[in-house]
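Presented below is the structure to which this report refers.
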Amino acid sequence: MNLRVRVVRCGCTGGRHWFADIDDADDPQPDDPFWYVDGCLSQSQALETACEQLLALSGRAHQGDELARVLD
């Protein structure tokens with residue numbers, strides 16, 4: 001499995017904030033990630049939070065756990 005982190009700055013009506021998700025790099029549907037966080041106050045906060053989660057997901061996959069998508 002080839003997971004990737006994506007960090008995006010949102011400029012929606014709720015004010016500017018940062019969003020991050022973790023998904024399979026080969027997945028053509030970006031709407032069903034393995035993990036996401038919204039409402040981060042900075043790019044670095046979103047990236048740091050996503051990297052911590054990526055490490056946790058990597059450890060689970062290494063142990064043989066099946067990773068579930070958020071919307072499964």
Side-chain angles (χ1 to χ4, degrees):
M1 177 176 288
N2 187 13
L3 296 177
R4 67 172 171 86
V5 171
R6 178 177 65 140
V7 176
V8 178
R9 186 172 186 186
C10 300
C12 54
T13 55
R16 294 186 186 265
H17 62 277
W18 292 87
F19 171 91
D21 68 9
I22 297 174
D23 203 357
D24 183 348
D26 300 323
D27 185 9
Q29 298 290 100
D31 61 345
D32 62 345
F34 288 98
W35 174 89
Y36 76 95
V37 65
D38 196 7
C40 295
L41 300 178
S42 68
Q43 182 182 27
S44 60
Q45 179 190 18
L47 185 57
E48 184 177 318
T49 303
C51 286
E52 289 172 2
Q53 187 62 35
L54 183 61
L55 184 59
L57 288 172
S58 175
R60 288 183 46 214
H62 183 70
Q63 292 174 356
D65 291 349
E66 177 112 10
L67 302 180
R69 295 185 177 275
V70 172
L71 299 177
D72 276 352

Should Y36 and V70 be marked as a side chain to side chain contact (heavy atoms under 4.5 Å, CB included) after you check the CA-CA gap, both sets of side-chain angles, and the distance that decides it?
CA-CA 8 Å; Y36 76 95; V70 172; 3.7 Å; yes
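For the side-chain contact (heavy atoms from CB on, under 4.5 Å) test with C51, the passing option among L55, T49, L47 is L47; the others fail.
Once rounded to the nearest 0.5 Å, the distance linking CG of L67 with CG of L3 reads 6.5 Å. A distance of 16.0 Å separates CZ of R9 from CZ of F19, quoted to the nearest 0.5 Å. We find the CG-CD1 distance between L54 and I22 to be 5.0 Å, quoted to the nearest 0.5 Å. Rounded to the nearest 0.5 Å, atoms CZ (R6) and CZ (R4) are 6.0 Å apart. Here the CG atom belonging to L41 is positioned 14.5 Å from the CZ atom belonging to R16, to the nearest 0.5 angstrom. Between the CH2 atom in W35 and the CD atom in Q53 there is a gap of 6.0 Å [rounded to 0.5 Å].
Here the shortest heavy-atom pairing between A50 and A20 reads CB-CB, 4.0 Å. In this structure, S42 and W18 approach most closely via the heavy-atom pair C-CD1, 3.2 Å.
A donor-acceptor pair under 3.5 Å is formed between the side chain of R69 and the backbone N or O of D32.
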